[in-house]
Amino acid sequence: MDEPGAGRRRQNEVYRAGVFGHRPLVPIAARKLQARAKRALNARAYAYVAGGAGDEATQRANRAAFDRWAVVPRVLRDVSSRDPSIELFGRRLPGPLLLGPVGALELVHDEADLAVARAAASVGVPMVFSNQASVSMEECAAAMGDAPRWFQLYWSTSDELVESLVGRAEAAGCDAIVVTLDTTMLGWRPRDLDLGHLPFALGKGIAQYTSDPVFRRLVAERVANAGPREPQPRPTPAALRALVGMARAWPGSIRDNLRSPLPRAAVETFLGIYSRPSITWTDLACLRSRTRLPILLKGVLHPDDARRALDEGADGVVVSTHGGRQVDRSIAALDALPEVVGAVAGRAPVLLDSGVRSGADVFVAVALGARAVLLGRPFAWGLALAGEDGVRQVISDVLGEFDLTLGLTGHTAVDQLSPDILRRVG
C-alpha cells in the first residue's frame with residue numbers, strides 16, 4: 001500500500017487509521033455526506049445550501065448529465081507514476097479542482113470562510129472568495145499565506161463599490177476575478193421562500209461589504225440622509241434575534257451596535273445595491289480597463305456568449321448554472337460544456353461548476369474539455385460536520401478519487417484526457 005499518488009496516500013490514511021478503530025471525520029460518499037449534514041444543520045441553513053430554483057429540475061439535470069457519460073478504461077499501461085496536476089494562470093495546482101464561492105457560510109459553521117481558507121491552503125487548492133462571504137477577503141488571505149485564491153464579483157449598482165472590491169482583491173493576492181453573471185437577480189427559491197429566510201436580510205454573508213470603505217461610507221450617508229423613522233410594530237423574539245445578528249455583522253462591539261442605526265442601515269444598503277440587472281458587455285470592458293488580473297465570466301452556457309466573452313477581453317469562462325439555484329429547467333452545465341469548449345477553441349481556459357460531487361465527476365468534466373472544475377456543496381457539508389478538518393477531508397477525497405480514476409483508466413496525466421475516452425450512454 002505504499003505506491004505513490006494522491007489516491008493511494010488517501011486510502012493509506014483511512015485504512016491505517018481504521019486499524020486503530022478510527023473512521024473518517026465525515027462520510028466519503030456524496031449522498032451520505034449530504035444526509036449527515038442535513039441532520040446536523042437547522043432547517044434554514046440546510047435549505048439555503050441545498051436548495052435550488054423552482055422545482056429544482058436544473059439541479060437534477062446537472063446530476064443526470066454526468067450519468068449520461070461512461071468511461072472506457074484501458075489496460076496494460078504503466079500507470080505506477082501519475083501526475084494529476086494542472087497549470088492555471090501561472091499556478092501549478094495539485095489537480096483540476098478549485099473551491100467555488102459559497103455565500104453565508106456562517107449558517108453552517110462559526111468559522112465559516114476562514115476554516116475553508118485554511119483547509120484549501122493546506123492542500124494547495126485555490127479557494128474562490130465569495131462576494132457574499134461571512135469573513136472578509138483580507139482575513140482569509142492572511143490565513144492562506146501564499147496559497148492560491150481568486151475572488152468572485154457580483155456587480156453592484158455602485159460602480160465605485162465594484163472598483164473598491166476589485167482593488168481589495170488585487171491587494172489580497174487574488175490570482176483572478178470571477179464575475180458571476182447569472183445572479184443579477186435572486187432566482188425563485190422555494191425552500192428559502194417557504195421559510196421566509198434570506199440570510200443577507202439578517203446581516204449574514206455581507207462581510208465583504210461591511211469591511212469595505214466605500215460601502216461603509218454609503219451606509220453612513222444613508223443614516224445621515226434618513227428622515228424620521230416610522231413607528232415600528234411591537235418587536236417579536238424573531239425580530240430581536242435579527243437585530244442582534246445585524247449588530248454582530250457590523251464592526252465594533254455588539255452593545256454599541258445595538259444602539260446604533262448603522263447595522264440596520266448596512267443591511268438596507270446592501271439589499272438596495274446588491275446586484276445590477278442592467279449589466280452589459282460594456283461594463284465588462286470597463287472592468288477590463290481597471291484590473292490587471294485575469295477575468296473569468298461565470299454563468300456562461302451558450303457558445304455565442306463564450307465567443308463574445310473572449311472577444312471582449314475575458315480570460316476564461318466558467319460553465320455554470322449556479323448549482324441550479326437561479327434558472328429552473330436550464331440546460332445542465334455539463335451538457336453545455338462541449339459546445340462552449342468548441343466555441344472557445346483553445347483560446348482560454350473553460351472551467352465548469354454545478355453538479356460536481358466526486359473525483360470521478362471531475363474526471364468526466366475534464367475529459368469533456370474543462371480545464372478544471374469548481375466544487376461547491378460537498379465542501380460546505382464537510383464544513384458543517386467537522387469545520388476546517390471536514391473541508392480538508394472532502395478536498396482530499398475528491399483529489400484522491402480523481403488520481404485513482406486517472407490511473408485505473410490507463411492514464412498518467414490530465415492532458416491525456418479527451419472525449420475519446422468516454423461513451424455517451426443516455
Fill in the blank from the handout: Exactly one candidate in Leu93, Val391, Leu399 meets side-chain contact (heavy atoms from CB on, under 4.5 Å) with Val125; the answer is Leu399
Exercise for the section: Check the pair Arg10 / Asp403 against salt bridge (Lys or Arg N to Asp or Glu O under 4.0 Å), numbers first and verdict last. Expected result: CA-CA 10 Å; Arg10 179 65 189 132; Asp403 170 62; over 6 Å; no
Are [X] and [Y] within salt-bridge range, i.e. N to O under 4.0 Å?
X: Asp304; Y: Arg307; value: yes
X: Asp55; Y: Arg60; value: yes
X: Lys298; Y: Asp353; value: yes
X: Glu87; Y: Arg371; value: no
X: Arg149; Y: Asp175; value: no
X: Asp389; Y: Arg118; value: no
X: Asp315; Y: Arg288; value: yes
X: Asp335; Y: Arg68; value: yes

Would [X] and [Y] count as having a side-chain donor-acceptor pair, cut-off 3.5 Å?
X: Ser354; Y: Thr321; answer: yes
X: His322; Y: Ser320; answer: no
X: Ser122; Y: Arg392; answer: yes
X: Gln416; Y: Thr412; answer: yes
X: Gln59; Y: Arg325; answer: no
X: Asp212; Y: Gln208; answer: no

Exercise for the section: Give a yes or no answer on whether the side chain of Thr183 reaches the backbone of Leu186 with a donor-acceptor pair at less than 3.5 Å. Expected result: no
Handout entry: Test item: Asp113 side-chain N/O and Ala133 main-chain N/O as donor-acceptor pair under 3.5 Å
Key = no
Exercise for the section: Starting from the C-alpha separation in whole Å, work towards a yes-or-no answer on side chain to side chain contact (heavy atoms under 4.5 Å, CB included) for Arg191 and Tyr46. Expected result: CA-CA 9 Å; Arg191 295 200 202 202; Tyr46 180 77; 3.6 Å; yes
Exercise for the section: Any chance you could measure Leu337, atom CG, to Ile331, atom CD1, to the nearest 0.5 Å? Expected result: 10.0 Å
Problem - CG on Leu218 to CZ on Phe270, rounded to 0.5 Å - result: 13.5 Å
Nearest non-hydrogen partners of [X] and [Y], listed with the distance:
X: Leu88; Y: Ala372; result: CD2-CB, 4.5 Å
X: Leu33; Y: Gly382; result: CD1-N, 4.2 Å
X: Val26; Y: Ala386; result: CG1-CB, 3.9 Å
X: Ile421; Y: His411; result: CG2-NE2, 3.6 Å

Practice task
Show your reasoning for whether salt bridge (Lys or Arg N to Asp or Glu O under 4.0 Å) applies to Arg217 and Glu160.
Solution key: CA-CA 11 Å; Arg217 193 199 74 225; Glu160 188 181 3; 2.9 Å; yes
Exercise for the section: Walk me through it: do Leu99 and Val116 pass the test side chain to side chain contact (heavy atoms under 4.5 Å, CB included)? Expected result: CA-CA 9 Å; Leu99 298 188; Val116 178; 3.7 Å; yes
Practice task
Keeping to residues at least two apart or across chains, list the ring pair (Phe, Tyr, Trp, His ring centres under 6.0 Å) pairs with something in residues 131-184.
Solution key: Phe89-Trp150, Tyr154-Tyr274
Problem - Verdict with supporting geometry, Asp194 and Arg44, salt bridge (Lys or Arg N to Asp or Glu O under 4.0 Å) - result: CA-CA 10 Å; Asp194 283 342; Arg44 284 182 163 191; over 6 Å; no
Problem - Ring-face cation of Arg423 near Trp69 (centre distance under 6.0 Å, axis angle within 45°) - result: no
Exercise for the section: Run the numbers on Glu268 and Arg264 for salt bridge (Lys or Arg N to Asp or Glu O under 4.0 Å), then give the verdict. Expected result: CA-CA 6 Å; Glu268 293 170 345; Arg264 180 170 176 175; 3.3 Å; yes
